[in-house]
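In what follows, a structure is listed as structure tokens, so that the remarks can point back to it.
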2 protein chains.
Amino acid sequence: MMKTDTQLKLIEIATPLFATKGFSSVSVREVTDSAQTNVSAISYHFNGKEGLYQAVLEEQFTPIMQALQVAKNNNSLSPIERLTFYADQIAYIHAQRPFLARFISSEVTNPTGYGGPVIEKHLSQVYQFLRSTLQEGIDNGDVQPDLNIAYAAISLAGILNFYFITKPLIQKFTPLTEDANAQYTTHAFHIYLHGIINKA
Amino acid sequence: MMKTDTQLKLIEIATPLFATKGFSSVSVREVTDSAQTNVSAISYHFNGKEGLYQAVLEEQFTPIMQALQVAKNNNSLSPIERLTFYADQIAYIHAQRPFLARFISSEVTNPTGYGGPVIEKHLSQVYQFLRSTLQEGIDNGDVQPDLNIAYAAISLAGILNFYFITKPLIQKFTPLTEDANAQYTTHAFHIYLHGIINKA
DNA sequence: GTCTATATTGCGATAGAC
DNA sequence: GTCTATCGCAATATAGAC
């Protein structure tokens with residue numbers, strides 16, 4: 001299904017509004033005023049406010065699914081290399097979609113009912129990917145054998161994603177340069193990796 | 001200012017509602033119906049919906065301020081010991097206030113205007129505490145000297161807090177035992193510590 | 001497809017009886 | 001201090017002209 005100019009415009013305007021204010025705090029008038037159209041456009045094109053929100057969410061999540069697909073199919077990489085690839089992808093995706101972290105965080109803490117299932121499905125896949133990659137690392141001796149892979153998977157997701165979730169706040173009390181995203185990710189992953197590798 | 005039974009009851013009922021649905025998705029009727037009183041009670045006791053929300057937030061944040069005060073005053077501890085103390089406190093506080101993580105996450109992603117400043121003030125203090133403690137660790141040789149303390153501080157906050165923010169979601173695709181909170185915190189902090197200590 | 005005008009609902013706040 | 005009834009407003013959705 002091809003999207004019209006009006007549909008694209010509405011999604012573009014609605015994305016930062018939903019991300020920063022939350023679904024229920026955004027009025028459809030707010031969106032249509034900025035998009036220089038009228039309220040009925042949302043009902044006509046998206047079957048109401050919830051439909052617009054769903055369209056925004058789906059558009060936000062496409063790069064995550066793609067990156068995960070690539071990481072899984074990349075069988076030539078070692079477990080550690082695959083985790084490194086994941087870390088790099090995180091920085092790249094958040095640079096590409098600066099509002100993604102807010103949508104995830106928002107849907108995790110205050111699920112909307114339509115967004116909840118979408119987030120759940122995707123994050124569950126990320127979790128399983130990290131778990132199984134860590135297990136492979138233990139099996140081939142690169143990773144400490146006494147590691148709890150469930151907790152270690154959450155730790156990695158946390159050390160990488162928390163920064164992007166809290167970035168709007170962090171910026172208020174510490175300066176962040178333009179390339180801070182990649183720098184943080186590299187540094188944080190470095191700490192994590194030194195914490196889990198097997199010292200031979 | 002001493003709180004009456006009705007005030008305490010309203011705060012108790014409102015806390016999980018605000019935490020799980022978000023400020024704007026909770027109606028005052030919803031709260032007063034569950035609290036077995038009437039709408040006007042909120043205006044009478046808290047000067048409106050926003051006043052009730054502020055009272056809820058303040059009640060949630062008291063243990064963080066207290067823990068930080070104790071950690072700062074504990075000058076007998078080494079930097080590493082003080083970070084360990086902080087990690088233990090995180091698990092304890094979240095066990096004491098199971099909704100705190102949701103309020104923080106919610107206010108960081110979708111600030112309400114009254115909650116925003118409160119969160120900002122407190123989290124800024126936590127950040128400065130972690131930063132300066134890490135710097136002390138570098139100075140006394142316990143911590144790797146090439147560590148970026150700003151990124152390392154965020155990494156620690158992330159590895160510890162992300163779990164509690166996403167816990168409602170994590171529980172949906174992996175089983176968590178009753179003592180998982182403390183277990184996760186110990187394990188995650190262990191990974192982090194091995195990632196930053198100076199191998200002499 | 002796009003607009004205006006309106007229907008309808010639900011919200012927070014409050015006046016006033018008790 | 002607590003209640004009922006109601007006011008006034010802003011929300012989404014939609015009917016119907018163009």
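Chain A is the first sequence line, chain B the second, and so forth, proteins listed ahead of strands; every chain is numbered from 1. Every value quoted in this text rests on a predicted model; they were computed, and no experiment measured them. Heavy-atom basis, side chains included; hydrogens, waters and symmetry copies ignored.
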Without swapping roles, check the side chain of Lys49(B) against the backbone of Phe23(B) for a donor-acceptor pair under 3.5 Å.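 Confirmed, Lys49(B) side chain pairs with Phe23(B) backbone.
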Donor-acceptor contact present, side-chain Ser43(A) to main-chain Ser40(A), <3.5 Å: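 No; judged by distance alone, with no hydrogens or angles, the pair does not exist.
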For the pair made of [atom1] in [X] and [atom2] in [N], what is the distance, rounded to whole Å?
X: Asp5(B); N: dG1(D); atom1: CG; atom2: C1'; result: 12 Å
X: His45(A); N: dT2(C); atom1: NE2; atom2: C1'; result: 8 Å
X: Gln36(A); N: dC3(C); atom1: CD; atom2: P; result: 10 Å
X: Asn38(B); N: dT14(C); atom1: CG; atom2: C1'; result: 12 Å
X: Lys21(B); N: dG10(C); atom1: NZ; atom2: C1'; result: 13 Å

By a strict heavy-atom criterion of less than 4.0 Å, which residues belonging to residues 7-18 of chain B are in contact with DNA chain D?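 Within residues 7-18 of chain B, no residue comes under 4.0 Å of DNA chain D.
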Using distance only, find each side-chain donor-acceptor pair of residues 159-171 of chain B under 3.5 Å and give its atom names and separation, not counting sequence neighbours.
from	atom 1	to	atom 2	distance (Å)
Asn161(B)	OD1	His94(B)	NE2	3.3
Asn161(B)	ND2	Ala157(B)	O	2.9
Tyr163(B)	OH	Asn181(B)	OD1	3.1
Thr166(B)	OG1	Phe162(B)	O	2.8
Lys167(B)	NZ	Asn181(B)	OD1	2.8

Hey, does Val31(A) reach any base, or is it just sugar-phosphate, or nothing, if we go heavy atoms under 4.0 Å?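 Touches nothing.
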How is Thr6(A) classified with respect to the nucleic acid when contacts are heavy atoms under 4.0 Å: base, sugar-phosphate, or nothing?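 Sugar-phosphate, backbone atoms only, no base.
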Might you work through the side-chain hydrogen bond (donor to acceptor under 3.5 Å, both in side chains) test for Thr109(A) and Ser106(B), ending with a clear yes or no? CA-CA 7 Å; Thr109(A) 31; Ser106(B) 193; 5.3 Å; no
Show every donor-acceptor pair shorter than 3.5 Å between a side-chain atom in residues 119-126 of chain A and any protein atom, with sequence neighbours excluded, or say none if there are none.
from	atom 1	to	atom 2	distance (Å)
His122(A)	ND1	Val118(A)	O	3.2

All N/O contacts under 3.5 Å from nucleotides 13-18 of chain D to the protein, with atom names and distances to one decimal?
from	atom 1	to	atom 2	distance (Å)
dA13(D)	OP2	Lys49(A)	N	3.2

Grab the two heavy atoms, one from Ser24(A) and one from Ser24(B), that are nearest each other, plus how far apart they are.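 Closest approach of Ser24(A) to Ser24(B), heavy atoms only: OG-OG, 2.9 Å.
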Which atom pairs, one a donor and one an acceptor, fall under 3.5 Å between side chains of residues 148-156 of chain B and the rest of the protein, sequence neighbours left out?
from	atom 1	to	atom 2	distance (Å)
Asn148(B)	OD1	Ala150(B)	N	3.0
Asn148(B)	OD1	Tyr151(B)	N	3.1
Tyr151(B)	OH	Gln183(A)	OE1	3.2
Ser155(B)	OG	Tyr184(A)	OH	3.2
Ser155(B)	OG	Tyr151(B)	O	2.8

Taking salt bridge (Lys or Arg N to Asp or Glu O under 4.0 Å) as the cut-off, I'd like each qualifying pair that reaches into residues 16-42 of chain B, sequence neighbours left out, listed once.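 Qualifying pairs, neighbours excluded: Lys21(B)-Glu30(B).
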Say whether Tyr114(B) and Phe61(B) are linked into one hydrophobic cluster, either directly or through other cluster members, by side-chain heavy-atom distances under 4.5 angstrom.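 Yes; tracing contacts between hydrophobic side chains, which count when under 4.5 Å, links both residues.
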Taking the side chain of Thr37(A) as heavy atoms from C-beta outward, which of dT2(D), dC3(C), dT2(C) is closest to it?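 My answer, after comparing the listed nucleotides, is dC3(C).
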